[in-house]
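Here is the structure we will look at, set down as structure tokens.
Throughout, numbering of the chain's residues begins at 1 and tracks the sequence.
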Amino acid sequence: MAQCVLSKLGNLRLLPAAILVQSSRTTTSKHWNPKFKKLRREKYLKVELPDYNEDTNALPKEKLRQKMKERGLMPPRPWIERPFYISATGGAFEPYVPPEGDGKASLASTTRVKQAAELLEKKSKSMMAIRKIKSFEEDFDSKIFCQQAQDIYIKAHEALSNNDKRALQIYVTEKAYGEFRHNSHLKTIRWKFLQSLEPPRVCHARCTDVVSKENIFGQVTVRFHTQQQLAVYDRFGRLLHGSEILAKDVLEYIVFEKHLSNMYGTWRIHHKIIPDWTPPKEPSKLTRVLEEEIVSLPAETNETETAVVANK
């Protein structure tokens, strides 16, 4: 038996060393190819980390300034400055009060006469406001502006019907954007401008300053008497409001605003004046699920009567 074992060990000595050594993996961080060892060593930069436990209050100001310069830090400020930009006002200042029954032939109302007298008194303020606008915008003309306002009005409503949010922000202020987009989610709007029954005219103008006296905003109210078509559909294609066939006469008072102090400011729709004497709007044609009617029958009914009620 011992001779057998010794013979086997002798045979193992004759085998090559590569067969006797078993392959084993080791957790080494060395790269398998040492060709670019120097370049790999130079790729990493040693960064001097700051000492976060250092007491900065004990250091002199010059030393602290030198360390902040080394780290590329700005010196702290004693106040917190938050820049903000006001591109539009929060509403219409001194809104225009339309005369009662405007757009109709009747002038017999006493309130209409009083309102006309008040408009004559306020006309001087509008003229002063237009003069103020001309000091910032030399080419401003009321007649030319009316046509420009009508183009802005049409483009804003077309952007709303096409659901173009970017184009709508060009023709509408931030205050009016939410009012334009209100309750229009998942709705299909078909709007069309047909014609102007009366040429648009400027009926009111005001200027005011915000925060500082140099920051001036101008507002111009334009009267539109037009003929339009409007149809609103829900997400299932059911008609909620209006019609694509019928045309309606629309009388509106639209307030346009411009940041006059901003040399890149533009006129945009800001507000819509709704008089108190306007008739209420037609309610939308909302669809609802009808509840099932529960028919209660008396206890002494015959089978024939119950059959008749069931057929109904």
query: Which residues, ordered by chain and number, are linked to Phe217 in its hydrophobic cluster, where ILVMFWY side chains connect at heavy-atom gaps below 4.5 Å, directly or through other members?
result: Phe84, Ile86, Val210, Val211

- request: Give the C-alpha distance, both sets of side-chain angles, the deciding distance and a yes or no for salt bridge (charged side-chain N to carboxylate O under 4.0 Å, His left out) between Arg268 and Glu174.
  value: CA-CA 10 Å; Arg268 297 183 293 174; Glu174 287 74 14; 3.4 Å; yes

query: Under 4.5 Å between side-chain heavy atoms, hopping through other hydrophobics if needed: is there a path connecting Phe93 to Val97?
result: no

task: May I ask you to check whether Ser196 and Gln150 show a side-chain donor-acceptor distance below 3.5 Å?
output: yes

- prompt: Are Lys155 and Ile170 side-chain neighbours, meaning at least one heavy-atom pair lies under 4.5 Å?
  reply: no

query: Is there side-chain contact between Lys69 and Arg65, with heavy atoms separated by less than 4.5 Å?
result: yes

query: Nearest heavy-atom pair of Tyr177 and Val172: which atoms, and what distance?
result: N-CG1, 3.3 Å

- prompt: If you count the non-hydrogen atoms of other residues, nucleotides and ligands that lie under 6.0 Å from CG in Asp139, is the total more than 12?
  reply: no

query: Just wondering, more than 12 heavy atoms not from Lys187 lying within 6.0 Å of its NZ?
result: yes

- line: Separation between SG (Cys207) and CD1 (Ile133), nearest 0.5 Å, reads 4.5 Å

Validation row: Arg201, Lys143 side chains within 4.5 angstrom (heavy atoms): no

field: Side chains of Tyr85 and Asn262, donor plus acceptor under 3.5 Å
entry: yes

message: Looking at Arg166, I'd like to know if its CZ atom is crowded, meaning that more than 12 non-hydrogen atoms belonging to other residues, nucleotides or ligands lie closer than 6.0 Å.
response: no

message: How close do Ile154 and Phe193 get, counting heavy atoms only, and between which atoms?
response: CD1-CD2, 3.8 Å

task: May I ask you to check whether Phe145 and Trp267 place their ring centers less than 6.0 Å from one another?
output: yes

- request: Give the C-alpha distance, both sets of side-chain angles, the deciding distance and a yes or no for side-chain contact (heavy atoms from CB on, under 4.5 Å) between Lys67 and Leu59.
  value: CA-CA 10 Å; Lys67 287 195 171 188; Leu59 295 174; 4.3 Å; yes

- request: For the residue pair His182 and Ser184, establish whether any side-chain heavy-atom pair is separated by less than 4.5 Å.
  value: no

message: Assess, by modelled atom type and distance only, whether the side chains of Lys175 and His270 contain a donor and an acceptor separated by less than 3.5 Å.
response: no

query: Which atom pair, heavy atoms only, marks the closest approach of Pro99 to Tyr96?
result: CD-OH, 3.4 Å

message: Side chains of Glu244 and Tyr233: any donor to acceptor distance under 3.5 Å?
response: yes

query: Within a reach of under 6.0 Å around CD1 of Ile245, are more than 12 heavy atoms found that belong to other residues, nucleotides or ligands?
result: no

- prompt: Charged N to carboxylate O under 4.0 angstrom, Arg223 versus Glu198?
  reply: yes

task: Starting from the C-alpha separation in whole Å, work towards a yes-or-no answer on side-chain contact (heavy atoms from CB on, under 4.5 Å) for Ile189 and Leu230.
output: CA-CA 7 Å; Ile189 302 172; Leu230 175 65; 3.9 Å; yes

task: Check step by step if side-chain contact (heavy atoms from CB on, under 4.5 Å) holds for Glu137 and Lys258.
output: CA-CA 11 Å; Glu137 191 176 344; Lys258 181 182 179 181; 2.9 Å; yes

task: Enter the distance from Ile130:CD1 to Ser135:OG here, rounded to the nearest 0.5 Å.
output: 12.5 Å

- prompt: Rest of the hydrophobic cluster containing Met128 (Ile/Leu/Val/Met/Phe/Trp/Tyr, side-chain heavy atoms under 4.5 Å)?
  reply: none

message: Is a donor from one side chain sitting under 3.5 angstrom from an acceptor on the other, for Gln195 and Thr226?
response: no

- prompt: Between Gln229 and Ser243, does any side-chain donor sit less than 3.5 Å from a side-chain acceptor?
  reply: no

- request: Consider only side-chain N and O atoms of Trp191 and Gln228, and report whether a donor and an acceptor are under 3.5 Å apart.
  value: yes

- prompt: Crowded around Met127 CE? As in, over 12 foreign heavy atoms under 6.0 Å?
  reply: no

message: Just by distance, no angles: are the side chains of Ser161 and Arg190 close enough, under 3.5 Å, to form a donor-acceptor pair?
response: no

task: Would you please test Asp209 and Glu214 for side-chain contact (heavy atoms from CB on, under 4.5 Å) and show each step?
output: CA-CA 7 Å; Asp209 56 287; Glu214 293 79 15; over 6 Å; no

query: Any donor-acceptor pair under 3.5 Å linking the side chain of Thr221 with the backbone of Val255?
result: no

Greater than 12 external heavy atoms within 6.0 Å of Asp276's CG: no

message: So which atom in Ile216 and which in His259 form the shortest heavy-atom distance, rounded to 0.1 Å?
response: O-CD2, 3.5 Å

- request: For residues Val250 and Gln227, determine if any side-chain heavy atom of one lies less than 4.5 Å from a side-chain heavy atom of the other.
  value: no

- request: Give the minimum heavy-atom separation between Asp249 and His225, together with the two atoms involved.
  value: CB-NE2, 4.4 Å

- request: Identify the heavy atoms of Ala92 and Pro95 that sit nearest to each other, and give their distance.
  value: O-CD, 3.7 Å

- prompt: Are the side chain of His204 and the backbone of Tyr253 linked by a donor-acceptor contact shorter than 3.5 Å?
  reply: no

message: To the closest 0.5 Å, what do you measure between CD (Glu94) and OG (Ser126)?
response: 9.0 Å

query: Quick one: are Gln66 and Glu62 in side-chain contact, heavy atoms under 4.5 Å?
result: no

Value rounded to 0.5 Å, distance of OG1 in Thr208 from NZ in Lys213: 12.0 Å

message: Can you tell whether the side chains of Lys272 and Glu179 come within less than 4.0 Å, N to carboxylate O?
response: no

message: Quick check for you: to the nearest 0.5 Å, what is the distance between His185 atom NE2 and Asn183 atom CG?
response: 10.5 Å

message: I want to know whether His157 and Phe180 have ring centres closer than 6.0 Å.
response: yes

field: Aromatic ring pairing Phe224/Tyr153, orientation class (parallel under 30°, perpendicular over 60°, tilted between)
entry: parallel

- prompt: To the nearest 0.5 Å, how far apart are CD in Glu158 and CG in Leu168?
  reply: 12.0 Å

message: According to a hydrophobic-cluster definition based on side-chain heavy atoms being under 4.5 Å apart (Ile, Leu, Val, Met, Phe, Trp, Tyr only), do Val202 and Leu260 belong together?
response: yes

